[in-house]
Amino acid sequence: MDCIFCKIANKEIPSQIVYEDDKVIAFKDLDPQAPVHFLVIPKEHIKSADELNAENCAVIGRIFEVIPQIAKELGLENGYRIVNNCGEDGGQTVGHIHFHVLGGRLLAWPPG
Ligand code: 5GP
Ligand code: ZN
């Protein structure tokens, strides 16, 4: 399968990894939108939040378990934003579910 985030998870494409375990990997976004901007993904290929179900959703809990640990390590004491873009209208450009974590500056709300 030609999936860029599967390739990152398999180390076929280099990335700046900030966290890894058997189920999850987190790495810095190539085009950061904030002083701290990393992505957290399941190693298993799941296309988007729209494809989550009872069988595959446990890893999402793991992702939300590790995000505060990584955020603390990267100095986001003042808060951060977790973003999941789902599908075309949601602005998803990579078809492997991922959670953006952004921080290090005051973020505007609502998004455009
Ligand atoms: P989306 O728009 O799908 O929510 O987010 C995809 C994100 O992946 C974008 O923020 C983009 O900068 C990032 N990205 C795309 N290709 C690569 C890559 O090869 N390496 C890394 N580290 N980030 C990537
Ligand atoms: Zn994938």
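For the single chain, residues carry numbers from 1 onward in sequence order. All ligand and atom numbering here is 1-based and tracks the order in the structure.
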Name the closest protein heavy atom to [atom], giving the residue it belongs to and the distance to 0.1 Å.
atom	result
atom 20 (N) of ligand 1	Ile8 CD1, 3.6 Å
atom 15 (C) of ligand 1	Val94 CG2, 4.2 Å
atom 3 (O) of ligand 1	Thr93 N, 2.6 Å
atom 8 (O) of ligand 1	Phe5 CZ, 3.4 Å

### For ligand 1, the portion of Ile13 having any non-hydrogen atom under 4.0 Å away
neither
Look only at interatomic distance and state if [X] has a nitrogen or oxygen under 3.5 Å from any nitrogen or oxygen of ligand 1.
X	value
His98	yes
Leu30	yes
Lys28	yes
Asn85	yes

### Query
Is there a path of hydrophobic side-chain contacts, each under 4.5 Å between heavy atoms of I, L, V, M, F, W or Y residues, that connects Leu102 with Ile41?
no
### Query
Is Lys43 salt-bridged to Asp22, going by a charged N under 4.0 Å from an acidic O?
no
### Carboxylate-amine/guanidinium contact Lys11 Glu20, below 4.0 Å
yes
### Task
Mark yes when over 12 heavy atoms from residues, nucleotides or ligands other than Asn10 sit less than 6.0 Å from its CG; otherwise mark no.
yes
Under a 4.5 Å cut-off applied to non-hydrogen side-chain atoms, are [X] and [Y] in contact?
X	Y	answer
Val83	Phe99	no
Val40	Ile82	no
Ile46	Val59	yes
Arg62	Asp21	yes
Val36	Val101	no
Val24	Pro42	no

### Task
For residues Gly104 and Pro35, report the shortest heavy-atom separation together with the two atoms involved.
O-CG, 3.4 Å
### Closest candidate by heavy atom, reference atom 10 (O) of ligand 1, pool Ile17, Asp29, Ile41
Asp29
### Message
Under 4.0 Å from a heavy atom of Asp31: which atoms of ligand 1 are those, numbered in the order shown and with their elements?
### Response
12 (O)
### Task
Could you tell me which atoms of ligand 1, counted from 1 in the order shown, lie closer than 4.0 angstrom to a heavy atom of Gln92?
3 (O)
### Query
Out of Ile70, Ile67, Leu107, which residue meets the side chain to side chain contact (heavy atoms under 4.5 Å, CB included) rule with Tyr80?
Ile67
With a cutoff of 4.0 Å, is [X] in contact with ligand 1, counting heavy atoms of the residue only?
X	result
His100	yes
Ile4	yes
Val83	no
Gly91	yes

### Query
For the residue pair His100 and His37, does the interplanar ring angle fall in the parallel (under 30°), tilted (30 to 60°) or perpendicular (over 60°) class?
tilted
### Message
Within this structure, what is the CD1-CD1 distance for the pair Ile17 and Ile25, rounded to the nearest 0.5 Å?
### Response
4.0 Å
## Note on the structure
Taken by chain and residue number, the protein N/O/S atoms under 2.8 Å from the Zn ion (ligand 2) read Cys3 SG, Cys6 SG, His45 ND1, His96 ND1
